[in-house]
2 protein chains.
Amino acid sequence: MGISVIERNHLEVLRAVNAGGSLTAAAERLHLTQSALSHSIRKLEQQLGTPLWLREGRQLQLTQAGKYLLALANRLLPQFEHAELQIDQFARGQAGTLRIGMECHPCYQWLLKVVGPYLGHWPMVDVDVKQKFQFGGIGALFGHDIDLLVTPDPLHRPGLVFEPVFDYEQVLVVHSGHRLAHNDWISAQDLEPEILITYPVAVERLDVYTHLLLPANIRPARHKTIETTDIMLQMVAAGRGVAALPRWLVQEYQQRMAIVPVQLGETGIGKQIFLGCRERDRNVDYLSAFMKLATEVRWQGIGQGIGQGIAPGVLSGVISDVVSTN
Amino acid sequence: MGISVIERNHLEVLRAVNAGGSLTAAAERLHLTQSALSHSIRKLEQQLGTPLWLREGRQLQLTQAGKYLLALANRLLPQFEHAELQIDQFARGQAGTLRIGMECHPCYQWLLKVVGPYLGHWPMVDVDVKQKFQFGGIGALFGHDIDLLVTPDPLHRPGLVFEPVFDYEQVLVVHSGHRLAHNDWISAQDLEPEILITYPVAVERLDVYTHLLLPANIRPARHKTIETTDIMLQMVAAGRGVAALPRWLVQEYQQRMAIVPVQLGETGIGKQIFLGCRERDRNVDYLSAFMKLATEVRWQGIGQGIGQGIAPGVLSGVISDVVSTN
DNA sequence: ACATATCCATGAATTCTATTCACGTTAGGC
DNA sequence: GCCTAACGTGAATAGAATTCATGGATATGT
């Protein structure tokens, strides 16, 4: 049983040197003398039996072992840091922070409806929403970057649990004066001359494509991507293109914009959104409470939409809370 | 910027106390005095601002914060430990250990054909095969428990890369005197009176079910599960049941056993096996070399089978090398 | 080419931290 | 009620990590 040689400390050093570029800069970051760092590094290298940097002139070049440790540092240090925050919350009598990841753009509006009541029931829990993941939502769950994942693509695997939280219909949104505005439904051919606006994600994740366009082997005249739902709908209302969004979402905006939802395809495109978490976390009370609440909200008005809409002020207020991981 | 308070050290304490049940036992494990532990724990608890254990009489009960840290320890410590081993290998001039995970039972025979040449080309790389995963193969990849995954269910997600490595046909194996032995193909109805032998995995992962039985809503008379391919085929050869396996595998055993492969379903069941790794690792030379070699082996005789079979001795010899994670 | 500013390494001195030792306290078993 | 097993505490000590002072090496600018 070899005793521990790599300490958290060492990982901090690797990260700092990498970030600072030089030993001296790293020392500064760590509130240490350059000398201290030099000593500590030398000792570590001695214990490991291999150098971590090649000293080329006054440049430090990571060796293979060094790169390996740096990767480890980037992986583990965030977990240490988050653990400290979490424990600090425990210490203050709070239950912790629920980090929710979102893989589906328009679900944000739905999430807000759940988060509101949730925060009321669990005053000692903070909620944090993340929307960008280096390794995708699933990776973020496995990597403990988030605790819950809202996604249209569940993945029933050992270690993860998904539950459907709501169903909706994906429809085409067009300007109310649009030639397709009064169609019963839209075919792939109907879209051929159109400008299609979508979120900037891979085509495989866009249902208009997978369910309608790709099977018919048809592409719209143009395909533009826009990040935000609001701007997207502004474009549609201005007659500058068409978009595919959940029906309930369109209905909420319909009050104040000249837009119309139209069924996509002969049978319509049905979608399901899932909420997933790590299996181990199922007995974390404030987490399972969120899942329970989320599944209950399902029956409470999504799809009826109009009248339950959220005031724009509230909406944008909460949106600004969103934290994005690089 | 709060400075680090949780150290690897502390995680070791959490784990040791949990394993030992008492402070004294834990101290023993850590080659420390009980007093040292007590001091160190007190300091940690002070810094965190919350107790990690409730002292109930002479029993230690983990608090919420303590449980949280214990989970962290169980997650992070193995990574530290593996990193130390890996760096030790770097230090000895070795490239490291390639940890291959397997999610498909019969692929083992295929893997052997790749590992042999690979070990020849990369004398400084060790290979380790793992077959059980707490969180499934994907979880093991994300959690850095393995570096490569052999699986029939690839998952194209950001952060992971999969490549097909070989195709094969899944066939029914029956005793050569079996009533179905000379059928052109097998229908779901044909299986109804049979005893079906499979590996002990979920029905959804068995192609006989997903492709044949479930669609027809038919179940075989009995369903037995057996761990090992050899015993499974012994059973089949003894007329005690039928099984579904890759055609090439059956052909290899056919030389020394009275068994016959028969096509499953009218069109046959085609399968593809994939090799996956973390995207970041793609530029690790010895790892990408394995993937390259694996894709090349595809054309070299799998499916022709007979004559290239592996001698039973070699086979079982290597099988015993398999390391299973709890 | 020379001075200069950076940057890293080293050894001895120092400060700080972890560990031990010795003892006290508490809870449960017989 | 006494004995054992287990944890807590304070002072003493052994052992680390950190600093200080310094020197050598390498780029940069004039």
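Lettering of chains follows the sequences in order, A, B, ..., and the numbering in each one begins at 1.
At whole-Å resolution of the value, CG in A:L30 and P in D:dA17 are 15 Å apart. What separates CH2 of A:W53 from P of C:dC7 is a distance of 16 Å, to the nearest Å. If you measure from atom CD of B:E28 to atom C1' of C:dT19, you get 16 Å, rounded to the nearest angstrom. Straight-line distance from the CG atom of A:L37 to the P atom of D:dA17: 13 Å, rounded to whole Å. Between A:E7 atom CD and C:dA18 atom P there is a gap of 11 Å when expressed in whole angstrom units. Straight-line distance from the CD atom of B:Q47 to the C1' atom of C:dT17: 11 Å, rounded to whole Å. Taking atom NE2 on B:H31 and atom C1' on C:dA18, their separation rounds to 17 Å, with Å as the unit. Taking atom CZ on A:R42 and atom P on C:dC7, their separation rounds to 21 Å, with Å as the unit.
At the heavy-atom level, B:L32 lies under 4.0 Å from the strands shown only through sugar-phosphate atoms.
We find that B:R42 and B:E45 are not joined by a salt bridge, their nearest charged nitrogen and carboxylate oxygen being 4.0 Å or further apart. Note on B:E12 versus B:R15: salt bridge recorded, some NZ/NE/NH1/NH2 to OD/OE distance being below 4.0 Å. In summary, B:E7 and B:K43 do not engage in a salt bridge, as defined by a charged side-chain N under 4.0 Å from a carboxylate O.
For the pair B:K43 and C:dA18, the criterion of a side-chain N or O lying under 4.0 Å from OP1 or OP2 is met. Using a 4.0 Å cut-off, no side-chain N or O of A:S38 falls inside it from OP1 or OP2 of C:dC8.
In terms of position along DNA chain D, the nucleotide closest to B:S22 lies nearer the 5' end than the nucleotide closest to the other residue of the pair B:H39 and B:S22.
Atom CZ in A:F142 sits 9.5 Å away from atom CG in B:L160 (nearest 0.5 Å).
Among the nucleotides D:dA16, D:dC7, C:dC8, the one closest to the side chain of A:T24 is C:dC8.
With hydrogens and angles ignored, no donor-acceptor pair closer than 3.5 Å exists between the side chain of B:Q34 and the base of D:dA6. Under 3.5 Å, the side chain of A:S35 and the base of D:dC20 form at least one donor-acceptor pair of N or O atoms.
Other residues, nucleotides and ligands place no more than 12 heavy atoms under 6.0 Å from the CZ atom of A:R282.
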